[in-house]
Amino acid sequence: MTDEMSEVRTRFAPSPTGNLHVGGAHTALFAWLFARHEGGKFVLRIEDTDEVRSTEESLQAIYDGLKWIGIDWDEGPDVGGPFEPYVQSERLELYDQQFDRLMDSGRAYRCFCTPEELQQQREIMQARGIPPRYEGPCRNYDEKQIQTLLAEGKPYCVRFRVHESGTTVVDDLIRGEVSFDNSLLGDFVIRKTSGYPTYHMAVVVDDHLMDITHVIRAEEHLANTPSHVQLMEALDFERPQFAHLPLILGPDRTKLSKRHGSVNLLDYRDQGFLPEAMRNFLAIIGWSPGAEQEILGLEELIQKFTLDNVSKSPGIFDLEKATWLNGEYLKTADADYLTDLLVPMLQEEGLIEGDLSPERREWLERVVDLMKERTRLLNDFVVWGRYYFTEDFPYDNRARKKWLRREDVPERLDMLAERIEKMENWDLASIEQVIRGLADDIDVGAGKIIHPCRAAVTGQTIGPSLFHLMELLPKESVVARLRRAAELGRAGEMEPLPDVEE
RNA sequence: GGCCCCAUGGUCUAGUGGUUAGGACUCCGCUCUUUCAAGGCGGCGGCACGGGUUCGAUUCCCGUUGGGGCUACCA
């Protein structure tokens, strides 16, 4: 860096052509963490130079995705900043100024080739085993020929004239020096026929104009970088520092795509992930704090993040691990916070209706506190905890096989129901006392009552402490459930269901 | 095909010119006995291969293999 006071400035520059991709979120997170760690600025710039695919909805999806995992931006289309505008389609005249400079210096030229002609040229070169680079006629037209074509009104794009020999060396903070043979680079298009800049031009111009100090982006851009570097030199721009991040791959080791499940970050919210867990997970793909610690909160991430702990090799999006991590966050999360997230999900399932009374809300938080220890996704609360909210819950096959279909169970359930019905205090100690008391009286182990009771009351063989969960259910409901299970058992209705997962 | 990047268990990774190569996920076993998809304990499993350099390479160099990326008027 130079001697002058230079603040770190990084950016995330997505194209609004879809949802925020998991890979994009990863890149954004790293660029953001770096800026925050360095006390610098993080810029959001929208690269909508693909006139065909860019959409407004997509822009919103990007905002939503970034915000979800807690990434904020100091400058951007919605918040403004000293380098406005932050949307490339609104910066066309800025690129035109640079095109003019390049044309004047002879580093750029008009290309009148049609897409068909280009395609043909490519095929010929490929067939001859030559690297497909532009070698068409346009790079050598003289002024007169150009004027003629212009007069004819032939459409054209603008190409950048790359060096024909020599080497371009890219100094990458993660990979070290990487060199590229210039003769392999083709004259690439920098201005489309439409007048829009291509990505290569726009990114170089904007990174310079916006004083970006560190270009942090995915590795797929590494091979484009020598082109960018030549452009910068031709334009007399100072080079930023480069850091090319490892890619995220699917379990089959190809670039993460729809085939591997969802690539839309926000789908994971819908699948029951907590934003802090997803952020943590994304952070430890391709980066590690160096210590034997994987669970890191926001402040820790910012504090510990450095580029030299970023790995060079690609990482795999391991949903198992993400799910585990989510479970860890769930365990320690506040019931209040989780309840806020859960209410809409429960409403959607029809398990709660309308607004919660303060008492009901308090009750829900107790349920959440009881359940969160053994959940891994928010949805687990809804699926495994269904019995807290409705009498209409299924008896799973394990519960049926292990307890509910047994001959001696209905009688015990009825006996328990009878005793519970007579209880005056509905609290933890009393519940435990009644259950253990029954076991003692009929001279069986406590488990022989506890397990069938759990199966009858929850339909499951697993779950939180039975006494605790019973306490959260109305006494009448527990009695009814015990009797219903006993009845169904006697009627032979508790046989395992075919084709049902256990 | 060409160019570029990468390579520690199945996965994410720590680490070193001499280590019993450490941790996490997953899987398995044991335990807790009020269940487990919870907790506790333990286990299986790794430096891709071949050459060098070196007294000694997982570590440094070269090659091979494998994987990935780029090779658009997409970004």
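Labels below follow one simple rule: chain letters A, B, ... track the order of the sequence lines, proteins then strands, and each chain is numbered from 1. The structure presented is a predicted model; accordingly, all values stated were derived computationally and were not measured.
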Taking atom P of G10(B) as reference, at what distance in whole Å does atom CH2 of W324(A) sit? 20 Å
What nucleic acid atoms does E219(A) come within less than 4.0 Å of, heavy atoms only: base, sugar-phosphate, or nothing? base
If we take the P atom in both G63(B) and G22(B), what is their distance in whole Å? 32 Å
Name the nucleic acid region contacted by T193(A), choosing base, sugar-phosphate or nothing; use a 4.0 angstrom heavy-atom cut-off, strictly under. base
What's S313(A) touching, base or sugar-phosphate or nothing? Going by heavy atoms closer than 4.0 Å. sugar-phosphate
Could you identify the nucleotide paired to C36(B), looking across every strand shown and requiring Watson-Crick or G-U wobble geometry with both distances under 3.5 Å? none
Quiz question: going by heavy-atom distance under 3.5 Å, is there a donor-acceptor pair between the base of A38(B) and the side chain of K331(A)? no
Using the C1' atom as the reference point in each nucleotide, state the distance between U59(B) and A21(B) in Å, no decimals. 11 Å
C1' atoms of U71(B) and G18(B), separation to the nearest Å: 45 Å
Inter-nucleotide C1' distance (A75(B), G69(B)), Å rounded: 14 Å
Pick the C1' atom in G17(B) and in C55(B), then give their distance to the nearest Å. 11 Å
Spacing between L256(A) atom CG and G67(B) atom P, to the nearest angstrom: 19 Å
Over all strands shown, is G290(A) touching base, sugar-phosphate only, or nothing at heavy-atom distances under 4.0 angstrom? sugar-phosphate
Heavy-atom count check: over 12 atoms from other residues, nucleotides or ligands less than 6.0 Å from D443(A) CG? no
Hey, can you tell me if Y268(A) and F273(A) have their rings parallel, tilted or perpendicular (30° and 60° cut-offs)? perpendicular
Nearest 0.5 Å please: distance from the CG atom of L307(A) over to the CG atom of L245(A). 7.0 Å
Using whole Å, report how far CD of Q460(A) lies from C1' of A38(B). 14 Å
Assign L184(A) to base, sugar-phosphate, or nothing according to its heavy-atom contacts below 4.0 angstrom with the strands shown. sugar-phosphate
So E373(A), base contact, sugar-phosphate only, or nothing? Heavy-atom distance under 4.0 Å. sugar-phosphate
For a quick check of understanding: with a heavy-atom distance under 4.0 Å over all strands, which category does R376(A) fall into, base, sugar-phosphate or nothing? sugar-phosphate
What is the nucleic acid contact for T17(A), judged by heavy atoms within less than 4.0 Å: base, sugar-phosphate only, or nothing? nothing
Reading RNA chain B from 5' onward, which residue's closest nucleotide shows up sooner: R253(A) or R122(A)? R253(A)
Say we look at A7(B) and U13(B): how far apart would their C1' atoms be, to the nearest angstrom? 14 Å
Rounded interatomic separation in angstrom, taking NE2 from H200(A) and C1' from C73(B): 10 Å
Any strand counts, and the cut-off is 3.5 Å on both contacts for Watson-Crick or G-U wobble. Which nucleotide pairs with A7(B)? U65(B)
Please evaluate the base of U34(B) for a donor-acceptor partner in the side chain of R454(A) within a cut-off of under 3.5 Å? yes
Parallel under 30°, tilted from 30 to 60°, perpendicular over 60°: which one fits the rings of H244(A) and F242(A)? parallel
Suppose we define a pair by two distances each less than 3.5 Å, Watson-Crick or G-U wobble; what does C60(B) pair with here? G52(B)
On RNA chain B, nearest-nucleotide positions of I450(A) versus S311(A): which is more 5'? S311(A)
Does K304(A), at its NZ atom, have more than 12 non-hydrogen atoms belonging to other residues, nucleotides or ligands within less than 6.0 Å? yes
Can you label the angle between the F281(A) ring and the F317(A) ring as parallel, tilted or perpendicular, going by 30° and 60°? perpendicular
Whether Y141(A) and F112(A) hold their rings parallel, tilted or perpendicular, with breakpoints at 30° and 60°: tilted
Using a heavy-atom cut-off of under 4.0 Å over every strand shown, decide if G186(A) touches base, sugar-phosphate, or nothing. nothing
For T375(A), report the nucleic acid contact type (base, sugar-phosphate, nothing); a contact means any heavy atom under 4.0 Å. nothing
Rounded distance in Å between the C1' positions of U19(B) and A14(B): 13 Å
Scan L325(A) against the nucleic acid and name what it touches under 4.0 Å (heavy atoms): base, sugar-phosphate only, or nothing. nothing
Taking the ring of Y63(A) and the ring of W73(A), is the distance between their centroids below 6.0 Å? yes
Base, sugar-phosphate or nothing for H244(A)? Non-hydrogen atoms, less than 4.0 Å. nothing
Could one point to a donor on the side chain of R175(A) or the base of C5(B) with an acceptor on the other under 3.5 Å away? no
Could you tell me the separation between the CG atom of N224(A) and the C1' atom of C74(B), rounded to a whole number of Å? 11 Å
Only pairs with both distances under 3.5 Å count, Watson-Crick or wobble alike; so what is the partner of C73(B) in this structure? none
Remember a base hit wins even if backbone is also touched, and classify P464(A) as base, sugar-phosphate or nothing at under 4.0 Å, heavy atoms. base
C453(A) near the nucleic acid: base, sugar-phosphate alone, or nothing, with a heavy-atom cut-off under 4.0 Å? nothing
